[in-house]
Structures are given as structure tokens and as C-alpha cells.
Amino acid sequence: PLVAAIRQVVAHRQEYRRLVIMQGVKHHHDLLWEPQYEAWRRLPRCQVLLAASEEQQVHAHWSQGLVTALFARAEFDPAHCQVMMCGPDPMLRAAIHALARVGVPDEECYLSLERNMQCAIGLCGHCQLGPPFLCRHGPIFRYADIRDWFPLEGY
């Protein structure tokens, strides 16, 4: 879901300061954008950091471990950034906590959420996250707007 945002920044590179692209997967062969990573690495003021959590080998272009471990290597100003992320809820929760520890405001974090949507018009409640419904109000949410409900199991 984030490739469109990356392409927007690339197409209008002069309007943005720094672009940091981080992706975490289980196995390195799940890194779907291999040719594109190299093209992004060549862009001015762009950093690409990749991690594979269930790999035993080390590679020059990706690290072993979780995506949150890449935050220490990311070159960005936490007070002046916007973060867009997608992935499973446990990873998003871990990333939100890691970003808060380095000083990224909740208001600058955007999450692309997935839920089991049944009716797609906000009636059945399957995709409800507190008051908002993902099918009607999302699936992109600013973390500050959902922080009271997002950490709760079952939402």
C-alpha cells in the first residue's frame, strides 16, 4: 500500500527533504521490490533499509532481525517527519512504541490497517476500531486519532 506514496515522493523529489524506506519481512525472498530498492537507493536524500526476521545469513542489502531494529540506522529528524506504515498489528504496535521512544509525535504517524470487512458500509461492526469503521473511515488512520483503541486486543 505504501508504494504509491513512495512514487509520489520520487516524482516530486524537490518538494521533500529526506525519504527513508524501511521494510521488514520474514524471509529475504519476500522483499518484493528488489530492482526498485536499488533505484530508490540511488535517489538523492533517500535511504533504503531492509530486514528479514527469520534469516540465518547476513547480506549486504538487508539486515537480519525485525524492522524496528532498523530505526537506529534510519537517518531522519523525529521532530520533523511523517511516518506511513502498514503491516500486521503486532508489528505496527512495536513500531509505534519505537517511534515514540525516539520522539516522533503520534500526530505524524499514519497506519494502513486491515480488518475482516463483511458489509463494507459500516453496519456489521467486523472492521470497527472504537468509533471508526475501517471500511467507512479508513483504512488509513492517523495514529493520534485511534491510539485509545488500537492497542486493545479484539479491536
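- For the side-chain hydrogen bond (donor to acceptor under 3.5 Å, both in side chains) test, residues two or more places apart in sequence or in another chain that qualify with Q82 are E108.
- In the hydrophobic clustering of this structure, L99 does not group with M84; members are Ile, Leu, Val, Met, Phe, Trp, Tyr whose side-chain heavy atoms approach within less than 4.5 Å, directly or through other members.
- Counting heavy atoms of neighbouring residues, nucleotides and ligands inside a 6.0 Å radius, atom CD of E114 does not exceed 12 of them.
- Residues passing the salt bridge (Lys or Arg N to Asp or Glu O under 4.0 Å) test with R142, sequence neighbours excluded: D145.
- With contacts defined as side-chain heavy-atom distances shorter than 4.5 Å, the pair W149/P131 qualifies.
- Using a 4.5 Å heavy-atom threshold, the side chains of D89 and R115 count as touching.
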Exercise. Could you go through the side-chain contact (heavy atoms from CB on, under 4.5 Å) check for V3 and Q36 one step at a time?
Key: CA-CA 10 Å; V3 172; Q36 196 60 55; over 6 Å; no

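- Closest heavy-atom contact between H137 and P132: ND1-CA, 3.5 Å.
- Residues passing the side-chain hydrogen bond (donor to acceptor under 3.5 Å, both in side chains) test with Q118 are N116, sequence neighbours excluded.
- Remark: E38 engages R41 in a salt bridge (Lys or Arg N to Asp or Glu O under 4.0 Å) (not counting sequence neighbours).
- Residue W33 is grouped with residue V9 when hydrophobic side chains (ILVMFWY) are merged at heavy-atom distances under 4.5 angstrom, including chains of intermediate members.
- Here the straight-line distance linking atom SG of C127 with atom CD1 of I121 works out to 10.5 Å at 0.5 Å rounding.
- Within the structure, no pair that satisfies the salt bridge (Lys or Arg N to Asp or Glu O under 4.0 Å) test touches residues 126-138, not counting sequence neighbours.
- Residue pairs meeting the side chain to side chain donor-acceptor pair (under 3.5 Å) criterion with at least one partner in residues 96-106, sequence neighbours excluded, are D106-R147.
- Remark: C46 engages L19, I21, W40, L43, V48 in a side chain to side chain contact (heavy atoms under 4.5 Å, CB included) (not counting sequence neighbours).
- Using a 4.5 Å cut-off on side-chain heavy atoms (C-beta onward), L49 and Q47 make contact.
- With sequence neighbours left out, D148 forms a side chain to side chain contact (heavy atoms under 4.5 Å, CB included) with no residue at all.
- Grouping the Ile, Leu, Val, Met, Phe, Trp and Tyr side chains by contacts below 4.5 angstrom, directly or via other members, places V102 with L111.
- Residues V67 and M91 form a side-chain contact, since some pair of their non-hydrogen atoms from C-beta on lies under 4.5 Å apart.
- Proximity of M22 to F71: side-chain heavy atoms (C-beta onward) are separated by under 4.5 Å at one or more points.
- R17 is listed as a side-chain neighbour of H80, based on a closest heavy-atom distance under 4.5 Å.
- With rounding to the nearest 0.5 angstrom, the NE2 atom of H27 is 4.5 Å from the CD atom of E54.
- Grouping Ile, Leu, Val, Met, Phe, Trp and Tyr by side-chain contacts under 4.5 Å, direct or through others, leaves L66 on its own.
- Minimum heavy-atom separation, C119 to C124: SG-N, 3.4 Å.
- Using a 4.5 Å heavy-atom threshold, the side chains of L113 and F150 count as touching.
- Scanning for side chain to side chain contact (heavy atoms under 4.5 Å, CB included) contacts around R45 gives R13, R18, with sequence neighbours left out.
- Evaluation of the side-chain hydrogen bond (donor to acceptor under 3.5 Å, both in side chains) rule for Q23 yields Y37 as partners, not counting sequence neighbours.
- If you take CZ on F141 and CD1 on I146, they are separated by 6.5 Å, rounding to the nearest 0.5 Å.
- Summarising the geometry of G122 relative to C135, their closest heavy-atom pair is N-SG, 3.2 Å, with the distance given to 0.1 Å.
- The ring-ring contact (aromatic ring centres under 6.0 Å, His included) check on H12 picks up nothing, with sequence neighbours excluded.
- In terms of heavy-atom proximity, P105 sits nearest to P78 at CD-O, 3.5 Å.
- The heavy-atom pair separating L92 from C86 by the smallest distance is CD2-C, 3.8 Å.
- Placement of M85 and Y110 in two distinct hydrophobic clusters is found when ILVMFWY residues are connected by side-chain heavy-atom separations under 4.5 Å, directly or transitively.
- Counting heavy atoms from C-beta outward, C109 and I96 have side chains that approach closer than 4.5 Å.
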